[in-house]
Amino acid sequence: MGKGFRNSIEYKNFRDGVLEYYDYTCEDCGGNEDLTLSHNKAVCLGGDKMDLNNSGVKCYHCHKKRTKIDMNLLKKVNALIRNGDLIEI
C-alpha cells in the first residue's frame, strides 16, 4: 500500500472503522498503543486490503512479528515455485 492510498479519505474512514470495531485494542496482546491495521491474509499473499473480514488491529510489536512470519512464508513459497516443486496458480 502506497502512502497516497494511506492518505486517502476512503482508507482513513476504513481504518477508523476497523479500529473502532476492535475497540482500539491489539488482537494479540490486548495493548492499546501504537496500533496499526493488520490483515489476516497478507496483501502480498493475495489478501484484500479493504475487506473488514480480512482486517484486524495489532500493536506495532505484534504486527512486526506477524509481518516477519508472512514474509518468511512468501520466501519459502517463491523458492518452491522457482525449484519447480510447486506450480504457481
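Quick caveat: nothing in here was measured; it's all calculated off a predicted structure.
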Approximate separation, where rounding is to 0.5 Å, of [X] [atom1] and [Y] [atom2]:
| X | Y | atom1 | atom2 | result |
| --- | --- | --- | --- | --- |
| Lys41 | Asn54 | NZ | CG | 8.0 Å |
| Glu20 | Asp16 | CD | CG | 8.5 Å |
| Asn72 | Thr67 | CG | OG1 | 11.0 Å |
| Asn40 | Arg66 | CG | CZ | 6.5 Å |
| Arg82 | Lys75 | CZ | NZ | 10.5 Å |
| Arg15 | Lys12 | CZ | NZ | 10.0 Å |

- Tell me, do Val57 and Thr25 make a side-chain contact under 4.5 Å, heavy atoms counted? no

- Item | Heavy-atom side-chain contact between Tyr22 and Leu35 under 4.5 Å | no

- So, for Glu33 and Cys59, which heavy atoms are closest and what is the spacing to 0.1 Å? O-CB, 3.6 Å

- Which heavy atom in Met50 sits nearest to a heavy atom in Tyr11, and how many Å separate them? SD-CD1, 4.3 Å

- Do other residues, nucleotides or ligands put more than 12 heavy atoms under 6.0 Å from Tyr21 OH? no

- Can you hop from Leu52 to Leu19 via hydrophobic side chains spaced under 4.5 Å? yes

- Item | Set of residues satisfying side-chain hydrogen bond (donor to acceptor under 3.5 Å, both in side chains) with respect to Asp28, sequence neighbours excluded | Lys58

